[in-house]
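One structure is given here, and the rest of the page talks about it.
Letters A, B, ... mirror the listed sequences (proteins, then strands); counts begin at 1. Every value quoted in this text rests on a predicted model; they were computed, and no experiment measured them.
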4 protein chains.
Amino acid sequence: MPNERGRPRRPETDAAILRATIDLLRETGYGGLSIEGVAARARVTRPTIYRRWPDKVRLVIEALAKAVPPAPAPDTGNTRADLHQLARSLVDRLVHTGLAPVVLAVHADSIGHDDLAAPLRDLYLHPRLEAITAVINRGIARGDVPPDTSPDTARDLLAGPLVYRWLVNSTLTDTDIDQLVDTSWAALSRGAPREANSTAQTRR
Amino acid sequence: MPNERGRPRRPETDAAILRATIDLLRETGYGGLSIEGVAARARVTRPTIYRRWPDKVRLVIEALAKAVPPAPAPDTGNTRADLHQLARSLVDRLVHTGLAPVVLAVHADSIGHDDLAAPLRDLYLHPRLEAITAVINRGIARGDVPPDTSPDTARDLLAGPLVYRWLVNSTLTDTDIDQLVDTSWAALSRGAPREANSTAQTRR
Amino acid sequence: MPNERGRPRRPETDAAILRATIDLLRETGYGGLSIEGVAARARVTRPTIYRRWPDKVRLVIEALAKAVPPAPAPDTGNTRADLHQLARSLVDRLVHTGLAPVVLAVHADSIGHDDLAAPLRDLYLHPRLEAITAVINRGIARGDVPPDTSPDTARDLLAGPLVYRWLVNSTLTDTDIDQLVDTSWAALSRGAPREANSTAQTRR
Amino acid sequence: MPNERGRPRRPETDAAILRATIDLLRETGYGGLSIEGVAARARVTRPTIYRRWPDKVRLVIEALAKAVPPAPAPDTGNTRADLHQLARSLVDRLVHTGLAPVVLAVHADSIGHDDLAAPLRDLYLHPRLEAITAVINRGIARGDVPPDTSPDTARDLLAGPLVYRWLVNSTLTDTDIDQLVDTSWAALSRGAPREANSTAQTRR
DNA sequence: ATCTAAGCGAGACGGTACGTCCTGTCTTGAG
DNA sequence: CTCAAGACAGGACGTACCGTCTCGCTTAGAT
């Protein structure tokens, strides 16, 4: 297709805009971010941004996707150790870079708006959750994790407490991480009650 | 008391503003909320709002605190059943009222700003977490939960997965709730590995 | 009349308000003056001011009337010398105190509003113009000024050029004053053409 | 010239704003003028006005400059008649259009603020005083006015009394104008005392 | 000695306007 | 077609004053 008509876009422009976006997100947060500010920081005019992204959320989603590299799935041979390492790695990428509040705010903004939630999941969330699934699956293969474990449940059981602790405490120390992962691992490794429902006996 | 000086504030005004705030939060979300809009909806002028709350976050915190009543701590005699009931009750108050995204966005906004995080915790979060602690403590007294269980960990283990599932899926069915609570309960009731630590001592 | 009911007004309060008004007029000009500011400066609340003066203009008129003392009519025996002295004295009281622009602005504000123009004339203007009339009348009595001279015309002929020069130049030096008064005196002393009217004799 | 960058301003917008400004000045006076009101009347938003003029005074100066056309210098061959005609023409343009108080208020506001006084003089005042100078100069050429007459003094002698009479009386009838111009003319035509200074003898 | 009216500080309140910032769109000229 | 530049309608921001009001308290003459 000859969409080569007219003057081609400068690729440096895209990069500059995304870089400016991330920088400003870190400085002012998601709520404080303005397209105007991004344009100024990227030495670009506003229409140039609007030509590429329809609105703030989409720009931020793409910027985050580029700025937060998916954590690699560790493979030490020990599932529990893999999870510890993965957890620290995730926290590194989010909390220590100051992008965690932004990610949260974008999620909050996109809830109930499927046009935003979809790209957020596809571009950002899913690629980053694959590492957890991979570690769990290796654990199942290895026999460390009961084979009937739902990957979604495992994911929520591991990530959820970490996120929640950070939400409530505003910080997440290495000790926190280790302790929470250990707790989740306790449930995970021994097998969550598969038959579970509200009235069922948990056990024994 | 000499703080009775000056014309007293009309209490209806406070109520009208908070009501308008909640209504608009539900309709437009936290990001879409404007003081201007609240003023118009409450049939009040902007200065009247600024006289009471210094900014959007503080107004929203107080509105949420008033609009989301703390869930009562159930006491059925069965700790696991109490937790199921409490979880459903919490989800009711947040997800089904459409206020969950707002609560999340306010948290995202307040992270890193201690002047916002403090009132958020004191006015909103802590009173609402007491029910969890109460149930856990009753469970410990009853012998359903190991006595060395940290209440914070228990809280994160229970609430975290629920929040995370909702965050990723945008919804939270009763089946989700029951299943996640059961999973958390598995870890909780058997006791988190107290001796556990990743590579080093969790605690001396 | 028993309007002595109730707690009497503190006379210091009146004085403090008027003093604050004049100070602020000098600092911020008439347009920049706010009742709020006057209240703060006078360590008084706004209602206390409104209890005494209905609005800004009336307050300012009274403040000016108190702050700009009417120039005394000099009586040296020489009409021309009297006028020179009077002109300098007037300029002193207005230009050199920084109140001239205020007086002008108040006049501008009151034009077309008879409720304002009346007190302005009665309280401020007329008492201050009496000196000119007195000097002119003494001049007529003395034979220095033609007896058919209209006092209004004389007043405008003397004061007008001074005001206008100040308006155009923003300043008024002693040389300016002397020169303009001499010029006006030339017309005044020889007699303005009494027979003059719109279509009548151009001259001779 | 590369100052043709960007979307050009709509000239109708400038015109609409200036027209609205003049209309409102006439209705509410200078003190009552609000940018908000001008914007509404011109069917324009406030930022559009602020893009063009930095503040109220500058907007009004430009509006006045456009709304009060400089009076042409009459040339009947008779200097005194020229002055009569010019005076009436000036009064027409200011008093009868209701703009005189505005002009006065702007002057009052600009005194002591050179950044305002400068454009006021350059855009408004000077172009409008040229007619007087022209008539005086023709009078000098013709021999009706002594050749050593200072144009500034002549200007103040003519315009000053008119302004002052209007200031004191709030009105200016044709009779007033004629009488005051005749009086000023008396001084002007016979020659103001050129040697004048505070001690010099005016006469005899 | 009490009553009652006014003064006064304090501050709420509905308003209006301020001057600024940002949004998303549009218009122009140049590449 | 891109892009810089910048105009534009629109909307919100947080602040400053306006003039009025409602309080509690004080002050002092009238009863």
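Here E:dC18 presents its P atom at 15 Å from CH2 of D:Trp53, a figure rounded to the nearest Å. C:Lys56 places its NZ atom 10 Å from the C1' atom of F:dC17, with the value rounded to the nearest Å. In this structure, C:Asp55 places its CG atom 7 Å from P of F:dG19, rounding to the nearest Å. If you measure from atom CG of C:Asp14 to atom P of E:dG7, you get 11 Å, rounded to the nearest angstrom. When the P atom of F:dA7 is taken as reference, atom CD of D:Glu12 falls 15 Å away, rounded to whole Å. Rounded to whole Å, the distance from CZ on B:Arg9 to P on E:dA10 is 17 Å. In this structure, A:Arg58 places its CZ atom 14 Å from C1' of E:dG24, rounding to the nearest Å. Between the C1' atom of E:dG24 and the CZ atom of A:Arg52 lies a distance of 17 Å, rounded to the nearest Å.
Of the side-chain N and O atoms in B:Thr45, none sit less than 4.0 angstrom from OP1 or OP2 of E:dG15. Contact annotation: B:Thr13 side-chain N/O to E:dA12 OP1/OP2 distance is not under 4.0 Å. Checking the phosphate oxygens (OP1, OP2) of E:dG9, a side-chain nitrogen or oxygen of C:Thr48 falls inside 4.0 Å.
In summary, A:Arg52 and A:Asp14 engage in a salt bridge, as defined by a charged side-chain N under 4.0 Å from a carboxylate O.
Distance alone, capped at 3.5 Å, places no donor-acceptor pair between the C:Arg46 side chain and the C:Ala39 backbone.
Nearest to the side chain of C:Tyr50, among F:dG6, F:dG14, F:dT20, sits F:dT20. Counting only heavy atoms from C-beta on, C:Arg46 has its side chain closest to F:dC18 among E:dC18, F:dC18, F:dA7. Side-chain proximity of D:Arg51 to E:dC21, F:dA7, F:dC23: nearest is F:dA7.
For F:dA7, its base sits under 3.5 Å from the side chain of D:Arg7 at one donor and acceptor pair at least.
Within residues 19-43 of chain D, the residues having any heavy atom under 4.0 Å from DNA chain E are, by residue number, D:Ser34, D:Ile35, D:Glu36.
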- Can you check salt bridge (Lys or Arg N to Asp or Glu O under 4.0 Å) on D:Glu27 and D:Arg41, steps first, answer last? CA-CA 12 Å; D:Glu27 292 170 22; D:Arg41 177 76 68 107; 2.9 Å; yes
- Task: Check the pair A:Thr13 / A:Arg51 against side-chain hydrogen bond (donor to acceptor under 3.5 Å, both in side chains), numbers first and verdict last.
- Result: CA-CA 11 Å; A:Thr13 299; A:Arg51 219 170 280 126; over 6 Å; no
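Nearest-nucleotide assignment on DNA chain E puts the 5′-proximal partner with C:Val44, out of B:Val44 and C:Val44. Comparing D:Pro11 and A:Pro11 by the nucleotide of DNA chain F whose heavy atom lies nearest to each, the residue mapping closer to the 5' end is A:Pro11.
Side-chain contact annotation: A:Arg58 with A:Ser110, donor-acceptor N/O pair under 3.5 Å absent. Between the side chains of B:Asp109 and B:Tyr30, a donor-acceptor pair is found at a separation under 3.5 Å.
Between the CD1 atom in D:Ile35 and the CH2 atom in D:Trp53 there is a gap of 9.5 Å [rounded to 0.5 Å].
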